[in-house]
Amino acid sequence: MFDITKRESFLSLNKWLLELRNATDLNIVLLANKSDLESHRQVELPSIKSFAAENKLQFFEVSCKTGANVNTALASMMSLLSANDFRNLL
């Protein structure tokens with residue numbers, strides 16, 4: 001997850017993605033948070049789409065404050081988990 005109102009958080013994604021991929025083989029979903037603050041956006045949608053495509057990630061713009069698109073993102077993440085993934089998490 002990164003903050004669309006802080007470009008630095010987007011620029012840190014490569015580092016975090018590398019760490020995650022070294023730590024797990026689970027599917028990774030990218031969440032662009034704070035969609036409720038569109039007027040403060042520092043990361044444009046084409047940049048997010050490009051990053052997601054280059055890294056083979058599903059992504060969702062969400063607002064944890066308003067709940068916008070959160071359920072959709074969570075449902076998508078759950079659908080990516082297999083029964084074996086659940087056993088490994090326990």
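Because only heavy atoms are used, hydrogens play no part in the values below, and waters and symmetry mates are left out as well, while side chains stay in. All values derive from a computational prediction rather than experimental measurement. Position 1 is the first residue of the sequence, and the numbers go up from there.
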Path from [X] to [Y] over hydrophobic side-chain contacts below 4.5 Å:
| X | Y | answer |
| --- | --- | --- |
| Met1 | Leu20 | no |
| Val70 | Met77 | yes |
| Leu74 | Phe60 | yes |
| Leu13 | Leu45 | yes |

Non-hydrogen side-chain atoms of Val62 and Thr72 separated by less than 4.5 Å: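 Not in contact.
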Close side-chain approach of Thr24 to Leu26, heavy-atom, < 4.5 Å: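 Yes; the side chains approach each other to less than 4.5 Å.
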Intermediate values then yes/no, side chain to side chain contact (heavy atoms under 4.5 Å, CB included), Val29 and Phe59: CA-CA 6 Å; Val29 175; Phe59 88 93; 5.9 Å; no
Criterion side chain to side chain contact (heavy atoms under 4.5 Å, CB included) on Val43 and Leu11, from CA distance to verdict: CA-CA 10 Å; Val43 184; Leu11 297 175; over 6 Å; no
Under 3.5 Å donor-acceptor, Asp3 side chain and Thr5 backbone: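 Indeed, once roles are kept as given, a pair shorter than 3.5 Å links the two residues.
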Ser63 side chain vs Ala68 backbone, donor-acceptor pair below 3.5 Å: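 Judged by distance alone, no pair lies under 3.5 Å.
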Rounded distance (nearest 0.5 Å) linking atom [atom1] of [X] with atom [atom2] of [Y]:
| X | Y | atom1 | atom2 | result |
| --- | --- | --- | --- | --- |
| Ile4 | Glu44 | CD1 | CD | 8.5 Å |
| Trp16 | Arg21 | CH2 | CZ | 15.5 Å |
| Asp36 | Lys34 | CG | NZ | 8.5 Å |
| Leu31 | Ser76 | CG | OG | 9.5 Å |
| Ile28 | Leu80 | CD1 | CG | 11.0 Å |

Ser12 and Glu8 side chains, donor-acceptor separation under 3.5 Å: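 The criterion, which ignores hydrogens and geometry beyond distance, is not satisfied for Ser12 and Glu8.
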Carboxylate-amine/guanidinium contact Arg41 Glu61, below 4.0 Å: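 Salt bridge flag = yes for Glu61 with Arg41.
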Sub-6.0 Å ring centroid separation between Phe10 and Phe51: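 Between Phe51 and Phe10, which both carry aromatic rings, the centre distance is below 6.0 Å.
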Within 6.0 angstrom of Lys56 NZ, more than 12 heavy atoms from elsewhere: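 Not buried by this count: 12 neighbours or fewer within 6.0 Å.
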Side chain to side chain contact (heavy atoms under 4.5 Å, CB included) evaluation trace for Phe2 with Leu30: CA-CA 8 Å; Phe2 73 96; Leu30 179 61; 3.8 Å; yes
